[in-house]
Amino acid sequence: MGILNKEFEIVQNKALGAGLLFKFCTGYMESHITNNPIPLPLLYLVLPIVLHEETEKIIASTQMISGLRMAANKFLESKTAKNDLLLAINQRSVLMRDLTTRSLSIALAYKLLAMNVSSAHVMPFGIKIPDSKIPKSVLSLYKSSYKLGNWFSSLTLQEIAVTLKVVF
């Protein structure tokens, strides 16, 4: 059981989570038509999607220009038939709420992100982290986080909720 606990701690790492939230927010802001900040509830979907291997693979295998709806449709295709993965995102977001909150706290403390408490919006600081500085072992996760931010930026909270079958 010790080996599994160690692997769990590596994946459920709040510092890694902070970086993934930052990359998500960067993708969102860079893609949003008016550079609006990110509604806080969206951050609680990032880690449950990106830190889940099968879900992240679908995100990674979907082209950036295809968008969230195309990625969600991949869960429903008969050749993959992974509708249960799409339906499980909501439950994972509840189970990973603490990790997301701790990751957000680190991102705020280290000034990767800023939060407007009165409006519950988050925005990344203007830091650029080149892909060459990200360890190869987690580069795919960072790219998927950025892509997810890009996709979310063109949709409303309601559209995201319906597409991913989640409740905010």
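Excluded from the calculations below are hydrogen atoms, water molecules and symmetry mates; all remaining heavy atoms, backbone and side chain alike, are included.
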Undergrad: Measure up the Phe24 and Tyr28 rings against each other and bin them: parallel (under 30°), tilted (30 to 60°), perpendicular (over 60°).
TA: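 Ring orientation, 0 to 90° scale: tilted.
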Undergrad: Counting only heavy atoms not in Met64 (residues, nucleotides, ligands), do more than 12 fall under 6.0 Å from its CE?
TA: yes
Undergrad: Quick one, Phe22 with Leu104, criterion side chain to side chain contact (heavy atoms under 4.5 Å, CB included). Give me CA distance, side-chain angles, the key distance, then yes/no.
TA: CA-CA 9 Å; Phe22 168 76; Leu104 177 59; over 6 Å; no
Undergrad: Would a 4.5 Å heavy-atom cut-off, applied to side chains only, mark Tyr44 and Val166 as touching?
TA: no
Undergrad: Under 4.5 Å between any side-chain heavy atoms of Leu157 and Pro39, yes or no?
TA: yes
Undergrad: Donor-acceptor check, side chain of Gln91 to backbone of Ala88, threshold 3.5 angstrom: yes or no?
TA: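 Pair absent, no side-chain N/O of Gln91 close to backbone of Ala88.
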Undergrad: Is the backbone of Leu86 close enough, under 3.5 Å, to the side chain of Lys165 for a donor and an acceptor to pair up by distance?
TA: no
Undergrad: Enter the distance from Met123:CE to Asn116:CG here, rounded to the nearest 0.5 Å.
TA: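 Answer rounded to 0.5 Å: 6.0 Å.
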Undergrad: Are Lys74 and Ser61 linked by a side-chain donor-acceptor pair shorter than 3.5 Å?
TA: yes
Undergrad: Ignoring hydrogens and angles, tell me if any N or O in the side chain of His121 forms a donor-acceptor pair with the backbone of Ser119 under 3.5 Å.
TA: yes
Undergrad: Taking Lys111 for its side chain and Phe125 for its backbone only, find out whether a donor-acceptor pair lies under 3.5 Å.
TA: no
Undergrad: Establish whether Ile106 and Val50 are linked, either directly or via other cluster members, by ILVMFWY side-chain heavy-atom contacts under 4.5 Å.
TA: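 No, Ile106 does not connect to Val50 through the hydrophobic network.
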Undergrad: Determine, for Lys147 against Glu56, whether the closest basic-nitrogen to carboxylate-oxygen distance falls under 4.0 angstrom.
TA: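 A salt bridge is absent here (no side-chain N lies under 4.0 Å from a carboxylate O).
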Undergrad: Rounded to the nearest 0.5 Å, what separates atom CH2 in Trp151 from atom OH in Tyr146?
TA: 13.0 Å
Undergrad: Considering only heavy atoms from C-beta outward, does the side chain of Leu43 approach that of Cys25 to under 4.5 Å?
TA: yes
Undergrad: Are Asn90 and Leu87 packed together at the side-chain level, in the sense that at least one heavy-atom pair is separated by less than 4.5 angstrom?
TA: no
Undergrad: Does Leu99 reach the side chain of Leu51, with side-chain heavy atoms less than 4.5 Å apart?
TA: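 Heavy-atom side-chain distance check passes, below 4.5 Å.
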Undergrad: Is there a donor-acceptor contact under 3.5 Å from the side chain of Ser66 to the main chain of Thr62?
TA: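 Absent.
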Undergrad: Can you list the steps and then say if Leu68 with Leu164 is a side chain to side chain contact (heavy atoms under 4.5 Å, CB included)?
TA: CA-CA 9 Å; Leu68 183 65; Leu164 296 179; 4.0 Å; yes
Undergrad: Return yes when atom OH of Tyr110 has more than 12 non-hydrogen atoms of other residues, nucleotides or ligands closer than 6.0 Å, and no otherwise.
TA: no
Undergrad: Would you say that Thr100 contacts Val46 through its side chain, given a criterion of any heavy-atom pair below 4.5 Å between the two side chains?
TA: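 Counting from C-beta outward, Thr100 and Val46 never come under 4.5 Å.
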Undergrad: With hydrophobic residues grouped by side-chain heavy-atom distances under 4.5 Å, do Leu139 and Leu148 end up in a single group?
TA: yes
